[in-house]
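Below you'll find the structure, written out as structure tokens, and then a few comments.
Quick caveat: nothing in here was measured; it's all calculated off a predicted structure. Note that the numbering runs from 1 along the sequence shown for the chain. Any value given below was found using the heavy atoms of this structure, including those in side chains, with hydrogens, waters and symmetry copies removed.
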Amino acid sequence: MDRQIEKNPDWFDACLLVRDQPAWDGAAAKRFARNRDRVWWQHYADVAAHMGERGGVLPAQNDRVRARELYRWIEAQRRQHDAGNLTQDRIEALDGLGEWRGTRRGNPDALWASRLEQVRQFHAVRGRFPVYTPQRRPEEKVLATWLHRQRTWSRAGRLRQDRHQQLDQTLPGWTTPTR
């Protein structure tokens, strides 16, 4: 506490001010409680305000700190939408903002199958799996990163069973990283 008081002398007074307030009754606490729904709509309002200030442009990840936070929230909504966990009223609200869904690189299953084939060809030609060492092998970066992600998801139990079987059939020994 002493260090915090040295940095900001008003900090301790603010703590006392908050602590010395009377306790809320149950009705007031419920009325002002932060629940998930209220937080979601507050984030939505923040994104809409940001877009209003920026001429309808979505927040970017390489912008100011607050814009990065809003960008991450939009990314989380995209993931929720992809997983089918976003309610219809929220989808409609986000659709009102414009193109919030982002650009996807085509069909994810087709991209996955394409990467699998690229790693298979790499393994057939070189006799080893791709390794991520940017200084020595920059051309292997994408394939090595993709294969590493499959290994990680497999260990965590998040890799789809059909993909796991395809990897086992196409790339025997794929679960063991190359040293």
Side-chain angles (χ1 to χ4, degrees), residues 11 14 18 21 24-120 130 132 134 138-168 170-171 174-175 177:
W11 176 79
V18 170
Q21 297 300 315
W24 285 9
D25 65 334
K30 283 184 179 177
R31 194 169 60 241
F32 292 104
R34 282 179 51 122
N35 61 31
R36 289 179 190 219
D37 195 51
R38 182 174 292 159
V39 170
W40 191 94
W41 287 104
Q42 181 59 50
H43 285 303
Y44 171 80
D46 292 346
V47 169
H50 176 86
M51 291 178 69
E53 294 167 4
R54 299 288 175 112
V57 177
L58 284 170
Q61 65 180 340
N62 57 354
D63 203 346
R64 299 176 318 221
V65 172
R66 182 63 182 149
R68 278 194 301 267
E69 292 171 358
L70 296 174
Y71 173 83
R72 287 188 198 112
W73 182 80
I74 291 172
E75 279 294 310
Q77 302 318 301
R78 289 173 181 155
R79 286 190 301 275
Q80 289 292 319
H81 182 264
D82 290 345
N85 297 331
L86 205 56
T87 61
Q88 190 60 36
D89 62 328
R90 291 180 178 183
I91 292 171
E92 290 170 3
L94 289 167
D95 284 342
L97 294 175
E99 186 53 46
W100 65 276
R101 297 176 198 220
T103 56
R104 299 288 189 242
R105 294 184 183 138
N107 181 350
D109 290 331
L111 179 61
W112 190 90
S114 169
R115 289 282 188 251
L116 177 63
E117 179 59 23
Q118 290 171 355
V119 172
R120 186 199 64 75
Y132 180 62
E139 71 280 359
E140 297 178 29
K141 176 182 176 181
V142 172
L143 298 180
T145 302
W146 181 86
L147 187 58
H148 175 73
R149 187 174 301 126
Q150 306 312 307
R151 289 174 178 146
T152 303
W153 287 345
S154 175
R155 282 192 303 271
R158 293 178 44 212
L159 186 62
R160 288 184 1 201
Q161 191 62 33
D162 61 323
R163 290 184 174 180
H164 200 288
Q165 290 172 351
Q166 283 181 292
L167 282 162
D168 286 339
T170 309
L171 302 169
W174 70 274
T175 55

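By the 4.5 Å heavy-atom criterion applied to side chains, I91 and Q80 are not counted as neighbours. When side chains are defined from C-beta on, W153 counts as touching R149, because their heavy atoms get closer than 4.5 Å. Between R68 and V65 the shortest side-chain heavy-atom distance falls below 4.5 Å. At least one side-chain heavy atom of L171 sits under 4.5 Å from a side-chain heavy atom of L116. Side-chain contact between H50 and D46: absent, with no pair of heavy atoms (C-beta onward) separated by less than 4.5 Å.
In terms of heavy atoms, R36 sits closest to R90 at O-NH2, 4.3 Å. The two atoms that bring H164 and L159 nearest to each other are CD2-CD2, 3.8 Å, heavy atoms only. Heavy-atom minimum distance, A144 versus Y132: CB-N, 3.5 Å.
Residue Q150 holds its CD atom at 11.5 Å from CZ of R155, rounded to the nearest 0.5 Å. Atom CG of D95 is separated from atom CD of Q88 by 8.0 Å, given to the nearest 0.5 angstrom. Of the inter-residue distances, the one linking L147 atom CG with L143 atom CG reads 8.5 Å to the nearest 0.5 angstrom. Between E117 atom CD and W112 atom CH2 the span is 11.5 Å, to the nearest 0.5 Å. A distance of 12.0 Å separates CG of N85 from CZ of R79, quoted to the nearest 0.5 Å. For the atom pair OG1 of T175 and CG of D168, the computed distance is 7.5 Å after rounding to the nearest 0.5 Å.
Looking only at distances, a side-chain donor or acceptor of T152 sits under 3.5 Å from a matching main-chain atom of H148. Although no hydrogens or angles enter the test, the distance criterion places no donor-acceptor pair under 3.5 Å between the side chain of R54 and the main chain of P59. Although no hydrogens or angles enter the test, the distance criterion places a donor-acceptor pair under 3.5 Å between the side chain of R78 and the main chain of W100.
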Q77 and V47: side-chain contact (heavy atoms from CB on, under 4.5 Å), yes or no, with the steps? CA-CA 12 Å; Q77 302 318 301; V47 169; over 6 Å; no
Is there a side-chain contact (heavy atoms from CB on, under 4.5 Å) between L97 and I74 once you walk through the steps? CA-CA 11 Å; L97 294 175; I74 291 172; 5.8 Å; no
Please lay out, stage by stage, how R66 and E69 fare under the test salt bridge (charged side-chain N to carboxylate O under 4.0 Å, His left out). CA-CA 5 Å; R66 182 63 182 149; E69 292 171 358; 2.8 Å; yes
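Using bins of under 30°, 30° to 60° and over 60° for the plane-to-plane angle, the ring pair W40/Y44 lands in the parallel bin.
In this structure, a donor-acceptor pair under 3.5 Å is present between the side chains of Q118 and R115.
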